[in-house]
Amino acid sequence: MPELPEVETSGRGITPYCTNQQITRLVVRQKKLRWPVETGLSRKVNGQTIHRVSRRGKYLLLEIDNGELMIHLGMSGSLRVVEESRPIEKHDHIDICLANQKIIRFNDPRRFGSFILNRQGLAHPLLEKLGVEPLEDELNPDYLYDICKNRKVAIKPLIMNSHVVVGVGNIYAQESLFRSGIHPTRPANKISRQRISRLVDEIKRVLQEAIEAGGSSLKDFTSADGKPGYFQHNFLVYGRQGEPCPYCQSQLKQKQIGQRTTVYCGSCQR
DNA sequence: AAAGACACCTGGGAGC
DNA sequence: TGCTCCCAGGTGTCTT
């Protein structure tokens, strides 16, 4: 399940192989992704050079001559660097073939991902309304508290709202709320500035730790066997319903909040 | 404007 | 073993 740390790690993983490389061919085997892959995409990017890899939210941006390839991994997508000889596997939907004989291969079983040629830069409809980057200074206590004080919605869906802050998915929302001792259903406007400040710190910390863990577990992005493998992080509450709270030992609870499963500690989180 | 429901899709696990 | 059912997850879009 690619959350921001996996996206960041994927970007770093492919960067050394594709930066300043010419695209010799683009192969689309499956057009039906989250949005249909643009007709003639292959022709449009053929011969262009990838100048830079960056990230906005969970979108990876591969800057090319006349725009950028905007890749979203959805919930099950992955990118791998493979040799040309590597057999095509199930759900290998798109190949970016490069002049250095490497292929950036996009695999996505659930096809919630997307592969878009963006000619509008940050004005693209999918980018223009995105909230702040969690690891930048723009996510700070002032910013988040200002938003929270006017909202009655539960804090968990609020921090998962990509128009507020990008890159906080279900897993890291649960982890950061647990670490900051805030109950996931607490209305956003009923949380003190001090506690919001703590939450901001924990969001940054949990994401940063996961990126560092990913960087070490993914050092070879061309690894022969298996997928790049989303790193196993030591989650404190995610997926641990019924287990004892790591802080107070009381049994962790599970609840649907905004159609998303949420695990939390009823005594540590208020 | 805010909040909630819903859709998209497949693999994997549970229950029969 | 095989079938059916349900769930996970991100996020855009529609409805209230």
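Here is the naming used below: chain letters follow the sequence lines, and residue numbers restart at 1 for every chain.
- For the pair A:His163 NE2 and C:dG12 P, the interatomic distance rounds to 6 Å; values are reported in whole Å.
- Side-chain atoms of A:Asn66 and A:Lys44 form no donor-acceptor pair, as typed in the model, at a separation below 3.5 Å.
- Side-chain contact between A:Ile71 and A:Val7 is absent, with no heavy atoms from C-beta onward closer than 4.5 Å.
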Checklist entry - What string of B, S and - do you get for nucleotides 4-12 of chain B, 5' to 3', when a contact is any protein heavy atom under 4.0 Å? => result SBB-BBBS-
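- For the residue pair A:Glu89 and A:Asn107, no side-chain donor N or O sits within less than 3.5 Å of a side-chain acceptor on the partner.
- Spacing between atom CD1 of A:Ile257 and atom C1' of B:dA3 amounts to 15 Å, rounded to whole angstrom units.
- Between A:Lys253 and A:Glu243 no salt bridge is recorded (no basic side-chain N to carboxylate O distance below 4.0 Å).
- The separation between A:Asn150 atom CG and B:dA2 atom C1' is 11 Å, rounded to whole Å.
- Close to B:dA3, at under 4.0 Å from its OP1 or OP2, lies no side-chain N or O of A:Lys152.
- Taking atom CE of residue A:Met160 and atom P of nucleotide B:dA3, one finds them 15 Å apart after rounding to whole Å.
- Look at A:His72 and you won't find any side-chain N or O under 4.0 angstrom from OP1 or OP2 of C:dG10.
- What separates CZ of A:Phe115 from C1' of C:dG10 is a distance of 18 Å, to the nearest Å.
- The CD1 atom of A:Ile147 lies 6.5 Å from the CZ atom of A:Arg151; values are rounded to the nearest 0.5 Å.
- For A:Gln256 and C:dC6, the CD to C1' distance is 12 Å, given to the nearest whole Å.
- For the pair A:Lys156 NZ and C:dT11 P, the interatomic distance rounds to 14 Å; values are reported in whole Å.
- Every side-chain contact (heavy atoms from CB on, under 4.5 Å) that A:Pro187 has, sequence neighbours left out, goes to A:Asn189, A:Lys190.
- By the 4.5 Å heavy-atom criterion applied to side chains, A:Tyr59 and A:Asn118 are not counted as neighbours.
- In this structure, A:Tyr238 does not reach the C:dA8 phosphate: none of its side-chain N or O atoms is under 4.0 Å from OP1 or OP2.
- One interatomic measurement links the two molecules: CG of A:Asn161 to P of B:dA1, which rounds to 14 Å at whole-angstrom precision.
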